[in-house]
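Just below is one structure, and these are the notes that go with it.
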Amino acid sequence: AQKITQTQPGMFVQEKEAVTLDCTYDTSDQSYGLFWYKQPSSGEMIFLIYQGSYDEQNATEGRYSLNFQKARKSANLVISASQLGDSAMYFCAMREENYGGSQGNLIFGKGTKLSVKP
Amino acid sequence: DSGVTQTPKHLITATGQRVTLRCSPRSGDLSVYWYQQSLDQGLQFLIQYYNGEERAKGNILERFSAQQFPDLHSELNLSSLELGDSALYFCASSGNTGLANEKLFFGSGTQLSVL
């Protein structure tokens with residue numbers, strides 16, 4: 001079963017507008033973490049924002065915020081005031097926590113390609 | 001700059017050949033992860049090493065192997081290469097605290113083209 005689902009292969013947004021990128025996840029763990037990474041055309045993976053399963057407040061990092069709805073198992077990324085430089089692939093990822101640190105890899109969704117129009 | 005160094009940036013080789021991809025983690029990070037990114041499969045976790053020991057295995061083919069050395073750098077060996085192995089290979093590192101909030105720092109990747 002797919003653990004991370006990003007249903008929007010591509011999105012367009014007008015410069016200076018806000019955009020929401022969807023992410024739903026599947027886990028039976030109580031403790032887990034959700035991440036968003038950005039991959040511009042140059043290829044590197046850039047960490048954007050993190051949300052813990054026990055965090056009561058939605059995470060925010062500058063123009064990025066995470067709309068976390070635990071009961072719905074969704075962790076949507078909101079980018080406010082879009083800029084041309086925001087054009088990139090965006091990946092949602094999850095880590096399920098294991099005591100003892102036995103497994104630390106992130107499971108990624110297939111990504112959403114965001115294009116910002118001037 | 002993430003602090004994770006991958007070499008080479010680009011690699012072009014022929015089917016049936018063997019290549020080695022190299023990764024130096026961020027200073028102080030004990031865990032190294034290898035991912036494969038292809039257009040059809042997305043980002044697939046291959047394998048994780050922690051302080052020289054294999055910690056977790058993902059969708060890694062038997063033709064692929066990896067190791068982490070005492071100085072913590074890691075190498076991913078790909079052998080009997082096929083056209084379908086063409087992909088972007090990422091190395092990432094973390095301190096491996098075991099906590100869910102630990103983020104991975106990615107290198108810039110090695111673009112492998114098998115012709």
Side-chain angles (χ1 to χ4, degrees), chain A residues 2-7 9-10 23 25 27 29-55 59 61 66 68 70 75 88-113, chain B residues 1-6 8-10 23 25-26 29-51 53-60 66 87-112:
Chain A
Q2 207 167 358
K3 292 232 173 189
I4 299 287
T5 303
Q6 294 181 253
T7 57
C23 172
Y25 58 92
T27 182
D29 281 6
Q30 295 302 307
S31 180
Y32 52 89
L34 298 157
F35 301 76
W36 278 90
Y37 280 81
K38 172 184 178 182
Q39 186 179 37
S41 57
S42 51
E44 71 268 30
M45 295 287 288
I46 302 167
F47 167 77
L48 294 179
I49 195 166
Y50 165 81
Q51 179 83 43
S53 58
Y54 290 119
D55 294 342
E61 291 281 351
L66 204 151
F68 181 46
K70 195 170 181 177
M89 283 290 289
Y90 288 81
F91 292 93
C92 180
M94 177 175 67
R95 173 189 285 115
E96 295 160 315
E97 183 176 317
N98 286 308
Y99 277 108
S102 61
Q103 195 156 345
N105 59 290
L106 298 183
I107 303 164
F108 285 85
K110 293 202 177 291
T112 295
K113 184 173 183 178
Chain B
D1 184 7
S2 67
V4 179
T5 304
Q6 283 189 253
K9 287 195 183 303
H10 302 277
C23 169
R26 284 191 327 153
D29 282 356
L30 299 178
S31 268
V32 168
Y33 310 78
W34 287 97
Y35 283 84
Q36 179 194 57
Q37 185 179 29
S38 59
L39 282 174
D40 53 343
Q41 294 293 323
L43 264 160
Q44 296 285 312
F45 168 66
L46 296 178
I47 197 163
Q48 176 198 358
Y49 277 82
Y50 173 73
N51 203 21
E53 300 287 329
E54 182 183 304
R55 181 59 67 90
K57 225 169 187 177
N59 301 319
I60 188 166
L88 183 57
Y89 291 84
F90 281 110
C91 168
S93 74
S94 75
N96 202 73
T97 61
L99 298 177
N101 66 352
E102 188 173 73
K103 63 190 180 200
L104 267 57
F105 294 86
F106 282 81
S108 54
T110 293
Q111 182 66 56
L112 174 66

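These numbers come from a predicted model, not from an experiment. Below, chain A is the first sequence line, B the second, and so on; all start at residue 1.
Of the possible polar contacts, none joining the B:Ser94 side chain to the B:Ser31 backbone as a donor-acceptor pair under 3.5 Å is found.
A:Asn105 and B:Gln48 form no side-chain donor-acceptor contact under 3.5 Å, judged by distance and modelled atom types alone. If you check the side chains of A:Glu44 and B:Ser108, you find no donor sitting under 3.5 Å from an acceptor.
A:Thr27 pairs by the side chain to side chain contact (heavy atoms under 4.5 Å, CB included) definition with A:Tyr25, A:Asp29, A:Tyr32, A:Met94, A:Glu96, not counting sequence neighbours.
With a 4.5 angstrom heavy-atom cutoff, B:Asp40 touches chain A only via backbone atoms. In this structure, chain A has a heavy atom under 4.5 Å from the side chain of B:Leu88, while its backbone stays farther away. Contact of B:Gln41 with chain A is made through the backbone alone, with heavy-atom distances under 4.5 Å.
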